[in-house]
Amino acid sequence: MLRLYIIGIAILIIAILANGIVIKLGIKSWYGFIELMSKQGLSAFNSISITDALWLFIGYPIVLGLGYWLGDKLHSFIS
């Protein structure tokens with residue numbers, strides 16, 4: 001159970017940092033994209049740039065996977 005908790009905290013911290021960085025860079029975060037979808041519906045997919053799409057559907061999952069990996073390594077180091 002401790003392993004899952006540490007991994008969850010690592011993913012959370014990485015996600016918060018990633019969202020802060022992309023907002024500073026002017027790239028859409030999931031919060032911005034969901035807000036856009038609530039206003040425009042499925043046509044929101046046509047409104048985002050290629051950079052936003054690459055970040056949301058490729059970059060962000062990879063970054064969260066990194067959070068998982070770091071949390072797992074941290075747990076292994078502690079145990």
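- Considering Ile27, Leu56, Val22 as possible partners of Thr51, the one that fulfils the side chain to side chain contact (heavy atoms under 4.5 Å, CB included) test is Ile27.
- With values rounded to the nearest 0.5 angstrom, Trp30 atom CH2 is found 9.5 Å from Tyr60 atom OH.
- Side-chain contact between Tyr31 and Leu36 is absent, with no heavy atoms from C-beta onward closer than 4.5 Å.
- Here the straight-line distance linking atom CG of Leu12 with atom CG of Leu17 works out to 9.5 Å at 0.5 Å rounding.
- Here Ile11 contributes atom CD1 and Leu70 contributes atom CG; the two are 10.0 Å apart, rounded to the nearest 0.5 Å.
- Between the OG atom of Ser47 and the NZ atom of Lys39 there is a distance of 11.5 Å, given to the nearest 0.5 Å.
- Tyr68 and Ile16 sit in two unconnected hydrophobic clusters of ILVMFWY residues. Membership requires side-chain heavy atoms under 4.5 Å apart, directly or through other members.
- Listed here is the closest heavy atom pair of Gly71 and Ile6: O-CG2, 3.5 Å.
- Residues Met37 and Leu42 meet the side-chain proximity criterion, which asks for heavy atoms closer than 4.5 Å.
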Does the side-chain contact (heavy atoms from CB on, under 4.5 Å) test come out yes or no for Trp55 and Val63, once each step is laid out? CA-CA 10 Å; Trp55 165 249; Val63 168; 3.9 Å; yes

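- Taken from CG in Leu54 to CZ in Phe57, the straight-line distance is 10.5 Å, to the nearest 0.5 Å.
- When all heavy atoms are compared, the tightest approach of Asp72 to Ile7 is N-CG1, 3.6 Å.
- When the side chains of ILVMFWY residues are joined at heavy-atom separations under 4.5 Å, either directly or via intervening members, Ile14 and Trp69 end up in a single hydrophobic cluster.
- Under the 3.5 Å distance criterion, the side-chain polar atoms of Ser79 are left unmatched by any main-chain donor or acceptor of Ser76.
- For Phe45 and Phe33, the distance between ring centers is under 6.0 angstrom.
- Side chain to side chain, Asp52 and Ser49 meet the donor-acceptor criterion of an N or O pair below 3.5 Å.
- For Ala10 against Gly67, the heavy-atom pair with the smallest separation is CB-O, 3.4 Å.
- Note that CD of Glu35 is 8.0 Å distant from NZ of Lys28, once rounded to the nearest 0.5 Å.
- Under the 4.5 Å side-chain heavy-atom criterion for grouping Ile, Leu, Val, Met, Phe, Trp and Tyr, Leu66 is not connected to Leu74 through any hydrophobic cluster.
- Around atom CG of Leu25, more than 12 heavy atoms belonging to other residues, nucleotides or ligands sit under 6.0 Å away.
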